[in-house]
Amino acid sequence: MSLRFYNTLTRQVEEFKPLEGNTVRMYTCGPTVYDYAHIGNYRTFVFQDVLRRHLKYRGFQLRHVVNLTDVDDNTIRNSRSAGVPLRAYTDKYVEAFQIDRQLLNLEDPEFLVRATDHIEEMVKLIQALMDRGYAYASEGSVYFKVGAFPHYGQLTQIDLTGVRAGARVDTDKYDKADARDFVLWKAAKEGEPFWETPFGPGRPGWHIECSAMSMKYLGETFDIHSGGSDLIFPHHENEIAQSEAATGKPFVKLWLHGEHLIVNGEKMSKSLGNFYTLRDLIAKGYKPSAIRYLLASVPYRKPLNFTFDGLHQAQQSIDRLRNFRFRLTKENFPPGDSPALKARAQEAREKFEAALDDNLNTAEALGAIFDMVRDGNTAMDRREFRDGDRGAFLDTLERWDRIFAVLDDNDHAKLVKFGLLKEGTSSVKLGLDARELKSAGVAEEGIGNGYTQVLQVGTLSDEEIEKLIAERAAARRKGDYARSDEIRASLLQAGVILEDTKAGTRWKRK
RNA sequence: GGCGCGGUACCCAAGUGGUAAGGGAGAGGUCUGCAAAACCUUUAUGCGUGAGUUCGAUUCUCACCCGCGCCUCCA
């Protein structure tokens, strides 16, 4: 079955085929680096990551560009108030973005590019538009003449002919001939960063960077362009206009737009102030892998309502998958194999692949993998699972995780690596379930009223944990269950969960 | 007003013209020193409302209600 995607341009699900050979040329709009990105932003970036991973999974070569907007009103304003040069200011948030990407297992694109490194390309593009009569200068700025481009509005299917000057169309104080026109190049203002150009000193308008950079790395016509749904208008509409006007060729074949993350029924956004950054959630004790899972679990075209309950559910779901993988790799099974079970694993694989082929239906892909998990567990419990069956199940699980990328429990290591969690200190907040704490005897009934008790607890190194587990095993052998339970409770307080299995005690970090 | 997205059990959520995947949570049970994990059973005669098409609709058509987004910076 072929890959199919919903194309915003045609408002239809279409079969996907690269324009040239086996290589997919793709551009995805990245963040404006004036602050930490919030998880609403990351919902879109996770969607784009699932997209690129699935394209690779299906054997395509990728040529993927992600942009960083490092010059705009916000970056200029914030760098000035911080008293830091623009580049130095944005560097900080570029770095933060890179760390967040690694925490969320976002694959590196082939090109991660910054707007201010491509001023020359933008100037050339604007010059071409002026030469072709699609742009004009006014008061030191350059505008795109929307009226000269008859196809304007193809993406939005919006009729702007009624929009007139004087309406609440543009808050900028630049002079435009027509209210629909948008700025390609902004004349320099007092005290703001600027670049010298043939049309005078200034800085780029919002949309031009994406046209200039995408065409530089991907050519004048390429396969996929994606971003959040709020970018459809005016950003992507304007990109199409300025790109196609300059080249006379179709700009992009397939436009993909992710729906928003909402919180309490409203879009999560900086202007509303109802946002969480990745760091906010980590500080509350949530794992990046759980955040990735939550963001990926709802198909990208559906609004995702963010709740802490949802995050908790995501964490539980991941644990179920990890527990299954643990059994697959660590438990002992009788020799031989069972064709029916292996076929079951194969079937699950085909189902999750087909689900992703169908416009990235991640929810259905999850359903397929959990079906397999249950059947595998059942077979193990009934002693029907054979040693030779491991491979088929592990293969499906591993393939599934090439897309979802949540099975490896390396959150702790990454947080330590990036200094977001310090090994062996007591300044770390860790989320633990109140019920779990109560059952372990380390919390009173009635403590807290939500899922998550945020405790100030220390983290133990792997070695310390292993040592305590060995001590507990010795106590258990002697029948000293009081001591055994004491160790288990103290480990739980440090965020370590123990499970006694036939193959010995396993542990994992909460 | 224009253009979109959505309304499925306590929560998240898939899906189909033929009678509701999956995950979480809850309840009971099995296993276990106790837990945890895992398994079994269980939780929507109904898929926003009304009407229509049909042998049959949650799925198609129409109308309506509700939530949200974009139309201005925004993933």
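Quick note on labels: first sequence line is chain A, next is B, and so on, each numbered from 1. Values in this document were obtained by computation on a predicted structure and should not be read as measured data. All values below were derived from every heavy atom in this structure, side-chain atoms included, with hydrogens, water molecules and symmetry-related copies excluded.
- A:Leu366 has its CG atom 10 Å from the C1' atom of B:A14, to the nearest Å.
- Residue A:Tyr6 places at least one side-chain N or O closer than 4.0 Å to OP1 or OP2 of B:C5.
- Of the listed nucleotides (B:C39, B:C5, B:A14), B:C39 has the atom at the smallest distance from the side chain of A:Thr378.
- OP1 or OP2 of B:A25 sits under 4.0 Å from a side-chain N or O of A:Gln316.
- Between B:G33, B:A75, B:A14, one nucleotide has an atom nearer to the side chain of A:Pro299 than all others, and that is B:A14.
- Checking A:Arg476 against A:Gly30, the closest nucleotide of RNA chain B that is more toward the 5' end is the one next to A:Arg476.
- Using a 4.5 Å heavy-atom cutoff, the side chains of A:Arg399 and A:Arg349 are in contact.
- The phosphate of B:C34 (OP1 or OP2) has no side-chain N or O of A:Arg472 nearer than 4.0 angstrom.
- Protein atom CG of A:Asp309 is 11 Å distant from nucleotide atom P of B:G26, rounded to whole Å.
- Proximity of A:Lys302 to the phosphate of B:G7: a side-chain N or O atom is located under 4.0 Å from OP1 or OP2.
- Base-pair partner of B:G46: not found among the strands shown (Watson-Crick or G-U wobble, both distances under 3.5 Å).
- For the OP1/OP2 pair of B:G23 and a distance below 4.0 Å, the side-chain nitrogens and oxygens of A:Arg320 include at least one atom meeting the criterion.
- Checking the phosphate oxygens (OP1, OP2) of B:A37, no side-chain nitrogen or oxygen of A:Asn323 falls inside 4.0 Å.
- Per the geometry, NE2 belonging to A:His38 stands 7 Å off P belonging to B:A75, to the nearest Å.
- Listed pair A:Arg11 / B:G4 meets the phosphate criterion, a side-chain N or O lying under 4.0 Å from OP1 or OP2.
- The aromatic rings of A:Phe308 and A:Tyr276 sit perpendicular, their planes meeting at an angle over 60°, well past the 30° parallel limit.
- Remark: A:Lys267 is in phosphate contact with B:C70, judged by side-chain N or O atoms under 4.0 Å from OP1 or OP2.
- When each of A:Thr44 and A:Leu272 is assigned the nucleotide of RNA chain B bearing its nearest heavy atom, the one mapping closer to the 5' terminus is A:Leu272.
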Assess whether ring-ring contact (aromatic ring centres under 6.0 Å, His included) is satisfied between A:His257 and A:His236, documenting all intermediate values. CA-CA 10 Å; A:His257 292 97; A:His236 290 160; 5.0 Å; yes
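- Considering only the side chain of A:Ile497, B:A36 comes nearest among B:A36, B:A75, B:G15.
- A sub-4.0 Å separation between OP1 or OP2 of B:G22 and a side-chain N or O of A:Arg374 is present.
- One finds no side-chain N or O of A:Thr156 lying less than 4.0 angstrom from the OP1 or OP2 phosphate oxygen of B:C70.
- Comparing atom distances between the A:Arg301 side chain and each of B:C5, B:A38, B:G23 picks out B:C5 as nearest.
- Taking side-chain N and O atoms only, A:Thr32 has a distance below 4.0 Å to OP1 or OP2 of B:A75.
- Using a 4.0 Å cut-off, some side-chain N or O of A:Asn377 falls inside it from OP1 or OP2 of B:C39.
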